[in-house]
Amino acid sequence: METKLSLYNTLTRRKEEFVPIAPPLVGMYVCGPTVYGDPHLGHARSAITFDLLFRYLKSLGYKVRYVRNITDVGHLEHDADEGEDKIARKARLEQLEPMEVAQYYTNRYHEFMDRMGVLRPSIEPLASGHIIEQIELTERILQAGYAYQSNGSVYFDVEKYDRKYHYGILSGRNLEEMQSGGRSLDGQSDKRSPYDFALWKKAQPEHIMRWPSPWSEGFPGWHTECTAMSTKYLGETFDIHGGGMDLMFPHHECEIAQSCAALGHDQARYWIHNNMITIGGQKMGKSLGNFITLDEFFTGRHEKLSQPFSPMTIRFFILQAHYRSTLDFSNEALEAAEKGLDRLMKAVDTLSKITPSDSSTLDTADLTTRFYEAMNDDLNSPVAISVLFDWVRNINQLLDGSQTISSADLATLRSEFAGMVGDILGLCNEKTAAADDKVAPLMDMILEIRAKAKADRDWTTSDLIRNRLTAIGIRVKDNKDGRSDWEME
RNA sequence: GGUGCGAUGGCCGAGUGGUUAGGCAAAGGUCUGCAAAACCUUGUACAGCAGUUCGAUUCUGCUUCGCACCUCCA
């Protein structure tokens with residue numbers, strides 16, 4: 001490999017060469033969804049970003065253990081003691097068991113991510129299945145002296161922690177600044193300081209999701225699951241921790257604090273954060289209520305959508321922007337992505353129709369070198385895709401005959417190109433997939449009849465066939481050699 | 001208020017101290033029975049003002065505008 005993979009590490013605020021702790025093993029933990037609502041575009045961005053990293057690391061030969069959690073414990077709406085659990089509230093509104101809500105949205109999440117070509121993680125632990133581990137973590141932090149009990153709840157002592165470590169190391173803040181510019185929370189809570197966060201919360205009588213603990217019947221604080229589960233499955237130190245930028249503070253900051261307090265050190269070597277999807281320049285999210293769910297994208301049922309957009313179009317749209325840039329939603333951008341993807345997938349198809357020559361006028365090394373250079377540069381998928389498009393032109397020229405390729409080079413090109421598009425970028429041809437095995441021979445027959453009509457200069461018949469096919473959504477394209485191709489709209 | 005980030009051609013979106021991003025859209029052409037597709041050609045884009053430099057869209061400073069986090073959030 002000419003270049004090596006470098007990744008932007010939020011912790012150091014620069015790109016660093018990626019060096020795993022114990023190659024070829026790589027441990028990666030990514031914060032997954034809280035399952036109390038339908039997945040939206042934002043979830044897709046995070047899932048696809050780390051799916052790309054997962055796929056790319058694997059393609060480089062690493063053996064990756066990818067852990068992505070499901071948060072099925074609702075935590076609290078507000079930081080105050082009387083806050084309501086998100087999942088419990090949803091359950092109350094829909095008259096379901098909390099776990100029924102969590103299961104339903106977990107299923108929905110899986111269904112939509114599958115359709116977008118997002119590979120399932122190696123381990124997908126549930127927060128509710130790791131209460132014991134979270135209690136153990138809390139005990140360790142208590143023993144280390146960085147937490148205190150208060151009315152049955154346990155809180156992390158941020159001020160004490162900050163005297164030895166640095167609370168704010170990831171998000172570039174420091175406690176003093178936060179305190180001086182701080183908003184004054186009225187002392188309605190059991191916390192000593194407004195910046196302290198809960199490791200364990202005592203449940204109010206009406207709180208449904210609750211577990212026994214040494215301190216009270218209650219539930220874990222919302223930062224503990226990630227620390228507890230990443231430690232369990234990836235060890236005390238692992239390679240990559242990912243998530244959305246909005247999780248940087250306080251969530252990831254608190255994870256670091258918990259690790260340092262319990263283990264004496266941060267767990268993750270590389271902290272990777274994907275940027276947000278915006279709509280009209282503003283973050284698409286729950287708090288603003290301006291999000292569009294994936295279901296709405298796939299069906300087109302949303303007032304802001306001009307048409308349905310397929311799962312692969314969404315994936316391609318996301319991949320066409322760098323993961324650390326904000327990506328603005330618009331119908332025009334999605335439509336452009338749809339057409340661009342179509343062009344790319346057609347080229348994959350075209351590759352199988354090219355006949356080799358004695359020599360090559362193209363150098364396939366150009367594709368490989370530039371593609372991997374882009375991917376190695378902090379996963380620059382937009383540039384990688386632009387390299388692919390340069391080769392889409394080349395592939396089309398090969399079909400036209402204005403370029404030639406040897407059979408050895410063609411074999412290389414086929415496997416490289418398909419691997420980049422399919423295995424690394426995770427894009428597949430939804431149109432081809434739609435045509436099942438029986439349709440293809442049927443189409444061959446129909447086009448054979450049409451070819452005969454064309455040979456007889458019977459344009460009435462040939463146009464009738466083509467028009468009828470167009471009407472049912474099958475596009476016919478005539479080639480110079482008299483043969484025709486077809487594709488599903 | 002604190003801490004960060006951004007402003008690129010009609011739209012989306014990379015990148016660079018001097019030489020082509022790419023996609024979509026648009027215009028002309030080639031091919032074709034017609035069409036579609038494909039191919040070829042076509043765009044003096046880098047918010048504004050100073051400064052550094054032989055040269056800045058790229059570096060520095062300021063200005064304007066926008067965004068994110070500080071509260072659940074991918």
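Numbers restart at 1 for each chain; the letters A, B, ... are given by sequence-line order, proteins then strands.
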request  = Nearest whole angstrom, please: distance from the C1' of G15(B) to the CZ of R324(A).
outcome  = 13 Å
request  = Could you check which of A74(B), C69(B), C24(B) has an atom nearest any side-chain atom of I277(A)?
outcome  = A74(B)
inquiry  = Categorize V387(A) for me: base, sugar-phosphate, or nothing, with a 4.0 angstrom heavy-atom threshold over every strand shown.
reply    = nothing
Separation between the P atoms of A7(B) and A14(B), rounded to whole Å = 9 Å
query = Roughly, in whole Å, what's the span from CG in D342(A) to P in A38(B)?
reply = 9 Å
ask   = Distance only, no hydrogens: is a donor on one side chain within 3.5 Å (strictly under) of an acceptor on the other, for N69(A) and T71(A)?
value = yes
request  = Using a 4.5 Å cut-off on heavy atoms from C-beta on, say whether the side chain of R343(A) contacts that of F389(A).
outcome  = yes
Span that lies between the P atom of U30(B) and that of A56(B), in whole angstrom = 43 Å
message = What I want to check is whether the side chains of S402(A) and Q397(A) have a donor and an acceptor closer together than 3.5 Å.
response = no
inquiry  = Using a heavy-atom cut-off of 4.0 Å across all strands, would you classify R457(A) as base, sugar-phosphate, or nothing?
reply    = nothing
ask   = Do F112(A) and F298(A) have ring centres separated by under 6.0 Å?
value = yes
query = Contact class for S462(A) (heavy atom, under 4.0 Å): base, sugar-phosphate, or nothing?
reply = base
ask   = So, does the side chain of D463(A) form a donor-acceptor pair with the base of G33(B) at under 3.5 Å?
value = yes
ask   = Which is true for S46(A) with a 4.0 Å heavy-atom rule: it touches a base, it touches only sugar-phosphate, or it touches nothing?
value = sugar-phosphate
task = Check every strand shown and say whether H251(A) touches a base, only sugar-phosphate, or nothing at a heavy-atom separation below 4.0 Å.
result = nothing
ask   = With a 3.5 Å cut-off and just heavy-atom distances, do the side chain of D400(A) and the base of C31(B) make a donor-acceptor pair?
value = no
Pair assignment for RNA chain B - dot-bracket with | for other-strand partners, Watson-Crick or G-U under 3.5 Å = (((((((..(((.....[...))).(((((.......)))))....(((((..]....))))))))))))....
Selection from C69(B), A14(B), A74(B) that lies nearest to any side-chain heavy atom of R173(A) = C69(B)
query = CE of M345(A) versus C1' of C24(B): gap in Å, rounded?
reply = 18 Å
inquiry  = Can you see if the side chain of Q282(A) gets near the phosphate of G66(B) - specifically, an N or O under 4.0 Å from OP1 or OP2?
reply    = no
message = So if I take every side-chain heavy atom of P382(A) and compare against A21(B), A38(B), C72(B), which nucleotide ends up nearest?
response = A21(B)
ask   = Does a side chain donor of either Q103(A) or N107(A) reach within less than 3.5 Å of an acceptor in the other side chain?
value = yes
note = Atom CH2 of W391(A) and atom P of G23(B) are separated, to the nearest Å, by 15 Å
Candidates C69(B), C34(B), G22(B) - which lies nearest the side chain of D478(A) = C34(B)
ask   = Does any N or O donor sit under 3.5 Å from an N or O acceptor when you compare the side chain of R393(A) with the base of C40(B)?
value = no
message = Expressed as a whole number of angstroms, how long is the span from F249(A):CZ to G4(B):P?
response = 14 Å
note = Tightest non-hydrogen contact, residues S462(A) and K454(A), listed as CB-CG, 3.7 Å
ask   = Between A35(B), C73(B), G23(B), which one does the side chain of W222(A) approach most closely?
value = C73(B)
ask   = Will you find, in the side chains of T12(A) and R14(A), an N or O donor that is under 3.5 Å from an N or O acceptor?
value = no
task = Among the candidates G22(B), C11(B), A37(B), find the nucleotide nearest to the side-chain atoms of K477(A).
result = A37(B)
query = Is a side-chain donor-acceptor pair under 3.5 Å present for S6(A) with D378(A)?
reply = no
task = Can you tell me the distance, in whole Å, between the CZ atom of F371(A) and the P atom of A14(B)?
result = 16 Å
task = With P as the reference atom in both, quote the distance from C31(B) to A25(B) in angstrom, rounded to an integer.
result = 23 Å
key: Exercise: do D38(A) and T293(A) side chains pair donor with acceptor under 3.5 Å   = no
message = Looking only at the side chain of S325(A) (C-beta and beyond, no hydrogens), which of the listed nucleotides G22(B), C24(B), A14(B) gets closest?
response = A14(B)
remark   = Taking every heavy atom of C31(A) against every heavy atom of H241(A), the minimum-distance pair comes out as SG-NE2, 3.7 Å
query = When we call it a touch if two heavy atoms are under 4.0 Å apart, what does R475(A) touch: a base, just sugar-phosphate, or nothing?
reply = sugar-phosphate
key: Rounded distance in Å - CG (N331(A)) to P (C24(B))   = 18 Å
ask   = Between A35(B) atom P and N479(A) atom CG, what is the distance in whole Å?
value = 16 Å
request  = Take atom C1' in G17(B) and the same atom in C46(B), then report the distance between them in whole Å.
outcome  = 14 Å
message = Does the protein touch nucleotides 25-30 of chain B at the base, only the backbone, or not at all? Give it as B, S and - per nucleotide, heavy atoms under 4.0 Å.
response = S-----
message = Tell me whether the count of non-hydrogen atoms from other residues, nucleotides or ligands lying under 6.0 Å of CD in E448(A) goes above 12.
response = no
query = Is a donor-acceptor contact shorter than 3.5 angstrom present between the side chain of K283(A) and the base of C73(B)?
reply = yes
ask   = Contact class for G42(A) (heavy atom, under 4.0 Å): base, sugar-phosphate, or nothing?
value = base
ask   = With sugar-phosphate meaning primed atoms plus P, OP1 and OP2, does N380(A) contact a base, only sugar-phosphate, or nothing at under 4.0 Å between heavy atoms?
value = sugar-phosphate
query = Do we see a donor-acceptor contact under 3.5 Å between the side chains of E416(A) and T364(A)?
reply = no
request  = Taking only the side-chain heavy atoms of H43(A) (C-beta and beyond), determine which of C24(B), C39(B), A74(B) contains the nearest atom.
outcome  = A74(B)
request  = Would you check if F389(A) stacks with the base of G23(B), given a 5.5 Å centroid limit and a 30° plane limit, both strict?
outcome  = no
